[in-house]
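Before any comments, here is the structure.
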Amino acid sequence: MIKIAIIIGSTRPGGRKGEQVAEWVYNLAQQRSDALFKLVDVADYQLPLLDESKAAIFGQYSKSHTKRWSKAIEDCDGFIFVTPEYNHATSGALKNAIDYLYNEWNHKAAGFISYGGNGGVRAVENLRLIMGGLMVADVRTQVALSLINDFENFNELKPTSYQIDALHELIDEVIKWSNALKTLRA
């Protein structure tokens, strides 16, 4: 069975919304029987600014935090990234975590869930460019959560029915593409 990581891309202490968004995704995904899902929180890996002396493409990691991060990502067939939008882009922490690895991302599928004042759509535009460089097939559907419409008092996640429908579609697409790309990696 394919494995999909739901990656929390914010490490902001106190009040980050990525955890509750990822929990929402995970709880809905757990109702399915066509894939296995796991939560992966970038904050748990405490990755400093990229500190490997060799380029990630070589896969010769010298730091224990990189090896741990690599292990969390390498056995996954696809990804659902949960990202805030900071200054028209994804978070620096998520970009840094992505840059630590290369081969672990290749020929896999990705979907995006963003949040922000405008739904975080520019963070996803930024991530789509990054994924192209890593040979990751990103799916068309995305979930763009508005801090105004999908969060009560800008704090508690209360997604609209439209967002729930979009999430189901996004998961469907990530699973289909993950299954298709698994044969390419074999």
Looking at OG1 of Thr141 and CD1 of Ile113, how far apart are the two atoms once the value is rounded to the nearest 0.5 Å?
11.0 Å

In one Ile/Leu/Val/Met/Phe/Trp/Tyr side-chain cluster, 4.5 Å: Leu127, Leu170
no

Do you reckon Tyr162 sits in the same ILVMFWY cluster as Val124, going by side-chain contacts under 4.5 Å, direct or chained?
no

Do you reckon Phe81 sits in the same ILVMFWY cluster as Met135, going by side-chain contacts under 4.5 Å, direct or chained?
yes

Does Phe151 have any ring-ring contact (aromatic ring centres under 6.0 Å, His included) partners at least two apart in sequence or in another chain, and if so, which?
none

Not counting sequence neighbours, which residues clear side chain to side chain contact (heavy atoms under 4.5 Å, CB included) with Leu49? List them please.
Asn96

Could you tell me if the side chain of Phe112 sits less than 4.5 Å from the side chain of Val121, heavy atoms only?
no

Say whether Phe58 and Ile73 are linked into one hydrophobic cluster, either directly or through other cluster members, by side-chain heavy-atom distances under 4.5 angstrom.
yes

State, to 0.1 Å, how close Ile130 and Ile98 come at their nearest heavy-atom pair, and which atoms those are.
CG2-CG2, 3.8 Å

Measure across Asn149 and Thr160 and return the closest heavy-atom pair with its distance rounded to 0.1 Å.
O-CG2, 3.9 Å

Correct closest heavy-atom pair for Asn126 and Ala89 would be OD1-CB, 3.8 Å

Give me the other members of the hydrophobic cluster that Met1 sits in, counting Ile, Leu, Val, Met, Phe, Trp and Tyr linked by side-chain heavy atoms under 4.5 Å, directly or via other members.
Leu36

OH of Tyr102 to CG of Leu134: how many Å apart, nearest 0.5 Å?
6.5 Å

For Asp165, side chain to side chain contact (heavy atoms under 4.5 Å, CB included) partners two or more places apart:
none

Measuring from atom CG of Leu94 to atom CD1 of Ile8, what distance do you get when rounded to the nearest 0.5 angstrom?
11.0 Å

Test ring-ring contact (aromatic ring centres under 6.0 Å, His included) applied to His88 - qualifying residues, sequence neighbours left out
none

So which pairs with a foot in residues 128-151 pass salt bridge (Lys or Arg N to Asp or Glu O under 4.0 Å), sequence neighbours left out?
Arg128-Asp138

Answer yes or no: does atom CG of Asn153 have more than 12 heavy-atom neighbours from other residues, nucleotides or ligands under 6.0 Å?
no

Looking at residues at least two apart in the chain, or sitting in another chain, which of them share a side chain to side chain donor-acceptor pair (under 3.5 Å) with Glu104?
Tyr61, Ser70

What verdict does the side-chain contact (heavy atoms from CB on, under 4.5 Å) test give for Arg12 and Tyr86, after you've listed the backbone C-alpha separation in whole Å, the side-chain angles of each residue and the deciding distance to 0.1 Å?
CA-CA 11 Å; Arg12 177 177 275 174; Tyr86 297 153; 3.9 Å; yes

Quick one: list whatever passes side chain to side chain contact (heavy atoms under 4.5 Å, CB included) with Arg185, sequence neighbours left out.
Asp77, His107, Lys108, Leu181, Lys182

Got a salt bridge between Asp34 and Lys176, using NZ or NE/NH1/NH2 to carboxylate O under 4.0 Å?
no

Output the distance between atom CD (Gln163) and atom CG (Leu167), rounded to the nearest 0.5 Å.
9.0 Å

Of all heavy-atom pairs between Ala56 and Asn103, which one has the smallest distance, and what is that distance?
O-ND2, 4.1 Å

Trp69 ring center within less than 6.0 Å of Tyr45 ring center:
yes

For Thr83, the side chain to side chain donor-acceptor pair (under 3.5 Å) test, sequence neighbours excluded, returns Thr90

In Å and rounded to the nearest 0.5 Å, what is the CD to CG distance from Glu85 to Asn87?
8.5 Å

For Ala5, which residues count as a side chain to side chain contact (heavy atoms under 4.5 Å, CB included) partner, sequence neighbours excluded?
Ile7, Lys38, Val40, Cys76, Phe79

Scan for salt bridge (Lys or Arg N to Asp or Glu O under 4.0 Å) pairs involving residues 39-56, sequence neighbours excluded, and state none if there are none.
Arg16-Asp41

Which of Ile80, Ile4, Val82, Ile6 passes side-chain contact (heavy atoms from CB on, under 4.5 Å) with Tyr26? It is Ile6

Report yes or no: does Asn179 contribute a side-chain atom to a donor-acceptor pair with the main-chain N or O of Ile175 at less than 3.5 Å?
yes

Is it the case that the side chain of Ser146 and the backbone of Gly119 share a donor-acceptor pair, with hydrogens and angles ignored and the cut-off at 3.5 Å?
no

Surrounding CH2 of Trp177 (heavy atoms of other residues, nucleotides or ligands, distance under 6.0 Å), is the total greater than 12?
no

Can you tell me how far OG of Ser10 sits from NZ of Lys17, rounded to the nearest 0.5 angstrom?
9.5 Å

Asn155 and Gln20 have their tightest heavy-atom pair at O-NE2, 2.7 Å

same_hphob_cluster(Val139, Phe37) at 4.5 Å side-chain heavy-atom cutoff:
yes

Shortest non-hydrogen pair, Gly111 vs Val174, comes out as N-CG2, 3.6 Å

Quick one: list whatever passes side chain to side chain donor-acceptor pair (under 3.5 Å) with Asp99, sequence neighbours left out.
Lys95

